[in-house]
There are 2 protein chains.
Amino acid sequence: MKRYIPEDTIKRLPVYLRNLLNLKKEGKFLASSKEITVPLNIPPEQFRKDLSYFGQFGKRGVGYDVNNLINILEKIIGIDKEIKVILVGVGRLGSALIRYKGFSILNMKIVYAFDIDPQKIGKIVDGIEIKNIGEMEEIVKKEKIDVGIICVPANNAQEIANLMVNSGIKAILNFAPVVLNLPKDIFVSYVDMASELGSLIFKLKNL
Amino acid sequence: MKRYIPEDTIKRLPVYLRNLLNLKKEGKFLASSKEITVPLNIPPEQFRKDLSYFGQFGKRGVGYDVNNLINILEKIIGIDKEIKVILVGVGRLGSALIRYKGFSILNMKIVYAFDIDPQKIGKIVDGIEIKNIGEMEEIVKKEKIDVGIICVPANNAQEIANLMVNSGIKAILNFAPVVLNLPKDIFVSYVDMASELGSLIFKLKNL
DNA sequence: CCTTGTGAAAACTTTCACAGCT
DNA sequence: AGCTGTGAAAGTTTTCACAAGG
């Protein structure tokens, strides 16, 4: 399967965007590929090549209009309008994510949170009422939400993922340390903190 | 710079290990590369190739001894003995990580946590006393700890990273959404949840 | 006949180097 | 003169396909 856009390019787009938002906050209106990428430890030609998959957005001899490029990247990524996200599993990690401010910078917002524990249901976390997992399907369908975050323990993650797919969720960010088995039209990403730390220790010990 | 072990191979090692630990718990003593990798959505030849960078651990026509391979992978990764880790920034996310059970499966343990907020210093989270960041250097040096997790806000992350490096930390897992500028003998990994979610949304909207 | 281990080929990604516009 | 945009080259990773061993 030949892909138009390299996977690694896709991963860098939100990083570029966040950095451009920082430049904007610093009052920059114009920036060269070098200025944009040096603080990211990415070579400028990587940035230019990445952008080239989508069009030509700079001015030769000049650089990039910061505000314009922010708008363009938001459109490319698909976050020019706020994206609604649901979260399932309001444990320690889940509630930390609900309160995490980093999502809103990229125009993404956790709008509903669900749990199975009656002790948690009804409580408010950062303005979000925790709802019974049984209500998820109806809400997701009614609100046409297609992005979900899984924060339940590993042994419940597959079950929750199935429920999400049945409800119409099309993209899942999974924090449970388990690989999910899903239809191939569903997009999944994994945040695997223990593996990440393990890889780091490997490098420390071996390289 | 030619590399012995591909970066992606390194990332998969802890994943293999965790899956083998699951197989062991299920009572499996022997497993083929196929049995090991199918639940991970990884082709069996990838697994065999990955292992081949380190040696020959299977029996042709038979498969792999689960317990033996667990020991081997733990040694390869460098977690055959428990690895001590420190954490800085005991906010919502930081305390969730202190309580996270997923690290111990891979023999890693957060043994000290630090913060700058006097309100937090002295409190106990999951058996770990939160200490003043000023005590970090001495403790890290005395205990010869070389892995640290950064969970502070983006604007403090570089400062904490510098402090870690001065204290002798050699590997950093950074949860702050900012790229760190560090000496090149320091290993860094990033867990960038918002970017991960952003990439997922890109795929959803574009692919 | 099953499954591993691995060179070689294919696929993919980054880096180079320079043409082209301002 | 300076910076972008991009084919082509170099580098890296995955997949193929099969020899070798139980």
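Every chain is numbered from 1 and lettered A, B, ... according to where its sequence line falls, protein lines coming before strand lines.
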*Got a sec: does the CZ of A/R92 have more than 12 other heavy atoms crowding it under 6.0 Å?*
no
*asked:* Other residues, nucleotides and ligands only: do more than 12 of their heavy atoms fall within 6.0 Å of NZ on A/K203?
replied: yes
*Within less than 4.0 Å of OP1 or OP2 of D/dT4, is there a side-chain N or O belonging to A/S33?*
yes
*Side chains of A/L21 and A/L17: closer than 4.5 Å at any heavy-atom pair?*
yes
*Check whether any side-chain heavy atom of A/S199 lies under 4.5 Å from a side-chain heavy atom of B/F187, and answer yes or no.*
no
Could you tell me the separation between the [atom1] atom of [X] and the [atom2] atom of [N], rounded to a whole number of Å?
X     : N      : atom1 : atom2 : value
B/D8  : D/dG11 : CG    : C1'   : 13 Å
A/L40 : C/dT14 : CG    : C1'   : 17 Å
B/Y4  : D/dT12 : OH    : P     : 14 Å
A/E35 : D/dG2  : CD    : P     : 14 Å
B/K11 : D/dT14 : NZ    : P     : 13 Å
B/I36 : C/dG5  : CD1   : P     : 10 Å
A/Q46 : D/dA9  : CD    : C1'   : 16 Å
B/E7  : D/dT13 : CD    : P     : 8 Å

*Classify the nucleic acid contact of A/T9 as base, sugar-phosphate or nothing, counting any heavy atom under 4.0 Å across all strands shown.*
nothing
*Heavy atoms under 4.0 Å, any strand shown: does A/P43 hit a base, just sugar-phosphate, or nothing?*
sugar-phosphate
*Close residues, residues 47-77 of chain B, relative to DNA chain C [heavy-atom separation under 4.0 Å]*: B/R48, B/K49, B/S52, B/Q56, B/F57, B/G58, B/K59, B/R60, B/G61, B/V62, B/G63, B/Y64
_For A/K141, run the side-chain hydrogen bond (donor to acceptor under 3.5 Å, both in side chains) check against A/E138, A/E143, A/E137 and tell me which one passes._
A/E137
_Between B/V178 and B/Q158, is the side chain to side chain contact (heavy atoms under 4.5 Å, CB included) condition met? List the steps._
CA-CA 8 Å; B/V178 65; B/Q158 181 66 57; over 6 Å; no
_Side chains of B/E135 and B/Y112 only: does a donor on one sit below 3.5 Å from an acceptor on the other?_
no
